[in-house]
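The model shown is predicted, which means the values in this text are computed figures rather than measured ones. Lettering of chains follows the sequences in order, A, B, ..., and the numbering in each one begins at 1.
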Number of protein chains: 2
Amino acid sequence: MPTPRPAHSRDESVETIQRELTAFARRARATAARVHPELSLVSFTLLAHLQEQQGCRATDLAAHYMLDKSTVSRQVAALEKLGYVERRPDPDDQRVHVLHPTAAGHQALEAAHTRRRTLLKERLADWPEEDLARFADYLVRYTEAWGTTPLRGQAGASGMCSSAQSASASIAGPSAAPASVSR
Amino acid sequence: MPTPRPAHSRDESVETIQRELTAFARRARATAARVHPELSLVSFTLLAHLQEQQGCRATDLAAHYMLDKSTVSRQVAALEKLGYVERRPDPDDQRVHVLHPTAAGHQALEAAHTRRRTLLKERLADWPEEDLARFADYLVRYTEAWGTTPLRGQAGASGMCSSAQSASASIAGPSAAPASVSR
DNA sequence: CCCGTATGGTTGCAAGTAGCAACATCCAAG
DNA sequence: CTTGGATGTTGCTACTTGCAACCATACGGG
């Protein structure tokens, strides 16, 4: 089938993306709570980020996820208390604590990750591989666009602990141009 | 460029989708708070749903968004207190309150909507229209898949106030088959 | 017609989460 | 040495959410 869908106007598409993304956000927490009760959605996310980044600073996490530094501080403290995260003082700057997932953290993360991935896989089981790849690309691109939009008195502009970065590097290749994904 | 991206394995794609969706969820609230401080993300979502559906019951909202009915009850109460929502007793069943957005609610929603959409549009400005449409379709399909996955003692299976439904109806045409979007 | 059960919705309670503000510590200039 | 900025932590407060208990209403069988 060439293009059986009706021609979507730009507005319609934007509208839908907005609605669906919002709905998703709403459910994410509920799902997270069910899939890995131990780790809150935020903790999970932060821990995952640490794993991907091979350690980074609390401030970067806060910036990247638009969280207050106090929130990150507490989440990290919790993760540390669980033995999932380790703080290493930065020799170059005594103020910063470089955060690293511990072996236990790695493991816990992997477990939670697997469970979530299993669910996702079920959910996406009937998707053609190509669609999956494209969907992933879209999400990455969306996230990338996020960082470049000022939005407000935001953090995130300075985030160097960017998941979008690692994402595009690992999956979309070196800066996949928007047009390149089309068609 | 034909297909400059590296071949993504299914796992990689699922992985990315998971990560990005999670990250998005994390930011959604913060963004919502900045874009429309008046309406919480949940309130906004619920109100939007009421608008789309031309009214529905609290239980349906709870089911669709995986929220506890108490939560919905409170959110709705808040919306009502703001004058954004109106409850109409159902003549057929005295237990149910059919919820409808008021004119003020409509307006507030529209305003918030516009602001969000503006942001989104900026963010997606350089996306080819076709990619937008496809991205929207993917999201809708993802949401649809959501409802069919048991997951747990979930609600959502009985939700007849389905946004995915309306979404696919309004944008993807009458049941666009998954395969139809591919390629 | 009455009672038991199921469903819709509200409220009490407790836990978790977030942001703001104040503070301690440390780096970097001047 | 002093001032300004950055990194984190903690106190405090407000909000959100889920669970459980609780009314009100419907539905069905004696």
Positions of residues 79-89 of chain A (non-hydrogen atom under 4.0 Å from DNA chain C), listed by number: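 Within this stretch, nothing sits under 4.0 Å of the strand.
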Given side chains that start at C-beta, do those of B/Y65 and B/H49 come closer than 4.5 Å, heavy atoms only? yes
Can you tell me if B/T102 and B/E86 form a side-chain donor-acceptor pair at under 3.5 Å? no
With a 4.0 Å cut-off on N to O distance, would you call A/R134 and A/D137 a salt bridge?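 No, this pair does not count.
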Between the side chain of B/T114 and the main-chain N/O of B/E110, is any donor-acceptor distance below 3.5 Å? yes
Atom pair OG1/CE of B/T71 and B/M66 - distance to nearest 0.5 Å: 13.5 Å
Between NE2 of B/H36 and CG of B/L47, what distance do you get to the nearest 0.5 Å? 10.5 Å
Applying the 4.5 Å side-chain criterion to the ILVMFWY set and letting contacts propagate, would A/L124 and A/Y138 be lumped into a single cluster?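 In one cluster: yes.
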Annotated protein contacts, base or backbone, on nucleotides 17-30 of chain C with a non-hydrogen cut-off under 4.0 Å, one of B, S, - each: SSBB-----BS---
Covered region of DNA chain D, 5' end to 3' end, by chain B [heavy atoms, under 4.0 Å]: D/dT16 to D/dA26
Closest non-hydrogen atom pair between B/E80 and B/V85, with its separation: CG-O, 3.5 Å
Tell me if the aromatic rings of B/W127 and A/Y142 count as close, with their centers under 6.0 Å from one another.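 Centroid distance B/W127-A/Y142: not below 6.0 Å, so no.
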Just checking A/H100: does its NE2 atom have more than 12 heavy atoms from other residues, nucleotides or ligands closer to it than 6.0 angstrom? yes
